[in-house]
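Being a predicted model, the structure only gives us computed values, none of them experimental. Below, each value reflects all heavy atoms present in this structure, side chains not excepted, and no hydrogens, waters or symmetry copies.
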Amino acid sequence: MVLPLVNLCAKEVVSDHSSSPGWLGCVPRELYRPLLEAAFTNCRPLAVGELVQRWPERTLRAGGRRQGQSPPNRLCVQALLLAVVRGLSDKRCALQVLDLCGLQCEEGGVGDPMGGWSLTVALSTMVVQARAAAQKALGREGERERKRVLAMERERDVVKRERGGGLEEGEGGGLLVESVRKEKEETSGCQREDQQVKGVRRRMEMERRKESAAVAGGKGEADSEVDSEVVVCVRADLFVNARSWERVRAALGTTGPLKLQCRYVRVEELSVSSIGSLLDLLPRHVLLGVDIRYSCLGVAGLALLLPQLSMFPMLSSLRLHYCNLDIRRDMAGQEGAMKDMSQGLGKLSQLRRLSLTALRLPGHLRMLLSSFPQPLEVLELPYLSLTPADLSYLSCSPHASSLQQLDLSENRLDELALPSVRRLLSQASSCLMQLSLSGCGLTDGLLAAMLPSLSCCRGLKSLGLALNPLSLAGLLDLVRTVVRMPSLRQLLYPNPLEDYQPGLPPMPSSAQLLDWPLDELVEVHEATSLQLDRVVMESGRSDLLLTCDLLNYNKDLVEQ
């Protein structure tokens, strides 16, 4: 890739920190952004700090990496956060909004990036420390003001004593002292009255703003209107678990020069009450998505949280992963809680993405999805134990013709479910872009019957079919079909049964395919790869990626 000249120059400028005093004072504001990008790319935390501390624009966006762009180094992110705090007292800094959404990545990545949990803790600490520093500075200012007033009073007393020095101690001196005392009482009384008037006006103004903000849209907006101490709003995606919960709660509940706002929140291993407390602290009009993982909610617990979620008017994504909503057990009140949960989901008027992973809700898909007032665009239902009746409803539901992403992985598809799956693909053919049917038990015969409907999905870009028991012949038929789909960019295919070591059952499950060792002979794998590559080359498709690597496969890398 050929870099623009300005990027090359920016790289050279930030590479030598000793020269920064020379160019920081004269660099135009238009060059701050390319210089900051160069500092991030080349891991120059000192340059990051100096640029951010005197940032000339109202908004700074450091998140939302472009495709192929590596995440910022941890030291650079820490330098950015420290510079934001230092910039609060720097008159050259015009920063009002710091957008870090999408900045974090998975922990332990290449190049020492800052993960979601670490970034959340660092942001929370920054907000709390900025508040403490502001209070300390306010205390010092108050002490200076008190000393100044005392000095003025002492000077005034000296002047009065000098003016009254020529009078005798008798009647004249007493009159002067009495007049000074009355003047002081009148002045202090006027000051107290002015302060009372100002206090009443301030309270009336705050009440008026609270009422207007409440009418406009709720608590979050009222807080933003009333909180006049805020200098910089910090927007980020938060990762909250038991270890970071107390620090995040302190940051969200703190009023000060930095205000923490959340776009997407990921919650792990928290109780229902803690999740509810967290939702109460989040600004109403900023939150777009909630991701709850490994928390024992139960149907009743989720039913309690959904009314709180409905208070966020911009919420468009809800993900529930391994939250133990198992309703197969015979428990009193479970059916009523299920209805409450369905009604709660129906109140999420802006929801477009729903992900339910391993919740064990067979036969209840109609109750879950029929309550939504608008069709979903992203539906992820892996490990949900879907029944043929569930798939039949989904294929005829209003959601079918609007789905852009669909994940049915690890739901067994047999002959009974096949007509519903084909009808579902036909309904979604004009809009579906990502499809995952990994681990669904698709044999050569089932896949052959599904391929005509699959090939009609003219907008499909990513297809996942890993861990299905296909033979090499079935795999070749699959590849011959997908190369004729011009929109497809990525195929995650299963290792054919011939590539496994002997002893594999005739109809292996996805777990068996995952655990069973592959044949150690290199020739076997090379023969499979050569045949697949030959089919792709003969079709002239140089833009199609074929992979069987589950660990490095990422359907989100495909450009939308």
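A distance of 5.5 Å separates CG in Leu406 from CG in Leu424, rounded to the nearest 0.5 Å.
The backbone N or O of Phe239 sits less than 3.5 Å from a side-chain atom of Thr120, completing a donor-acceptor pair. Side chain of Gln96 to backbone of Cys233: no donor-acceptor contact under 3.5 angstrom is found. Side chain of Asn411 to main chain of Leu408: a donor-acceptor pair is present (N/O by atom type, distance under 3.5 Å, no hydrogens or angles). At distances below 3.5 Å, not a single donor-acceptor pair connects side-chain atoms of Asn7 with backbone N or O atoms of Leu5.
Remark: Arg235 CZ is loosely packed, at most 12 non-hydrogen atoms of other residues, nucleotides or ligands lying under 6.0 Å away.
Taking the side chain as every heavy atom from C-beta outward, Gln404 and Gln434 never approach each other to under 4.5 Å.
A side-chain N or O of Ser436 and one of Ser409 form a donor-acceptor pair less than 3.5 Å apart. In this structure, a donor-acceptor pair under 3.5 Å is absent between the side chains of Asp549 and Thr547. Side-chain contact check for Ser271 and Ser274: at least one donor-acceptor pair (N or O, by modelled atom type) lies under 3.5 Å.
Not counting sequence neighbours, the partners of Arg541 by the side chain to side chain contact (heavy atoms under 4.5 Å, CB included) test are Val483, Arg489, Val536, Ser539, Asp543, Leu544.
When all heavy atoms are compared, the tightest approach of Ser510 to Gly439 is CB-CA, 3.7 Å.
Pairs passing the ring pair (Phe, Tyr, Trp, His ring centres under 6.0 Å) check and including a residue from residues 289-324, sequence neighbours excluded, read Tyr294-Tyr322. Applying the side chain to side chain donor-acceptor pair (under 3.5 Å) rule to pairs touching residues 305-318 yields Asp280-Gln308, sequence neighbours excluded.
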